[in-house]
Amino acid sequence: MTAAGASEEAPGRKRVGVLISGRGSNMEALVRAAAAPDYPAEIVCVISNRPDAAGLRTAQAAGIATNALDHKAFATRPAFEEALTHALQDHGVELIALAGFMRLMTPAFVQRWHDQIINIHPSLLPAFKGLHVHQRMLDAGVMLAGCTVHVVRAAMDTGPIIAQGAVPVEAGDDAATLAARVLKVEHQLYPHALALYASGALRVEGDQIVWPQGADKVGDAATLDAATMLIAPPLPASPLEQRAQSAI
Ligand code: GRF
């Protein structure tokens, strides 16, 4: 399918290729969201560098074109990435969504797809880049964990931040329970962030996202109100009342 032919079929929706390496639950969340006809992106292919990735089967079951592109079959990273670019181009991909894709990308690949790659990372970046994030958060004693969707730059887990979600670390958490709580937010956040980015509402300027004039990225009552504000340890039940009492 050519890009030109495809855009005739679905004008206005960004053609997204999702790259995975494993389970693919974030990919599944994107596929589900993109099933809505008014979603500004469509998932046109799912590519895994691991042929045995469970997510490939999930994508096939959802009727999405899949490719298994085993990185081990390529002598060099650039050779793998060249094949990857060809596969993405074959599907007319305009935007790449990394969803648990466990390969570092060369600066050349990131430059080739400049501002066209987004990623989800299970921490409130720029804190806790890299691997084993949940255990490292627990070891550091943080109280708020979360996840970030960002535009990809050459350095690992860096780039303009599109959206973030926070959850509390709870007493007795281990890496698995914390990861599960963060993952629930990831499944909400990624479709939301992809929609924002694919709709063209946001601009990237250098290392920052520029929001449209008049948009209030955190204060908009439609997306964040007092009930969803997350503060840990929690505020006293009724701070106003307590303040009034202490004034007497
Ligand atoms: C997610 O936690 C994501 O944030 C990270 O890798 C994990 C992938 O999980 N980059 P899944 O394959 O989407 O289920």
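Just so you know, these numbers come straight off a predicted model, no measurement behind them. Atoms within each ligand, like the ligands themselves, are counted from 1 in listed order. These values consider heavy atoms only, across backbone and side chains, with no hydrogens, waters or symmetry-generated copies.
Heavy-atom minimum distance, Cys147 versus Val182: CB-CG1, 4.1 Å. Minimum heavy-atom separation, Leu56 to Thr66: O-CG2, 3.7 Å.
Phe80 and Phe101 have parallel rings, their planes meeting at less than 30° on a 0 to 90° scale where 60° marks the start of perpendicular.
Side-chain atoms of Thr106 and Glu81 form a donor-acceptor pair, as typed in the model, at a separation below 3.5 Å.
A heavy-atom distance below 4.5 Å is found between the side chains of Val133 and His121.
Taking every heavy atom of Glu186 and a limit of under 4.0 angstrom, the matching atoms of ligand 1 come to 1 (C), 2 (O), 3 (C), 4 (O).
Of the candidates Ser25, Gly22, Gly100, Ala54, it is Ser25 that places a heavy atom closest to atom 11 (P) of ligand 1.
The shortest separation from a heavy atom of Gly55 to ligand 1 is not under 4.0 Å, leaving the residue out of contact.
Among protein heavy atoms, the minimum distance from atom 12 (O) of ligand 1 is reached at Gly24 N, 2.8 Å. At the shortest separation from atom 9 (O) of ligand 1 among protein heavy atoms lies Arg23 NH2, 3.1 Å. The closest protein non-hydrogen atom to atom 10 (N) of ligand 1 is Ile120 O, 3.0 Å.
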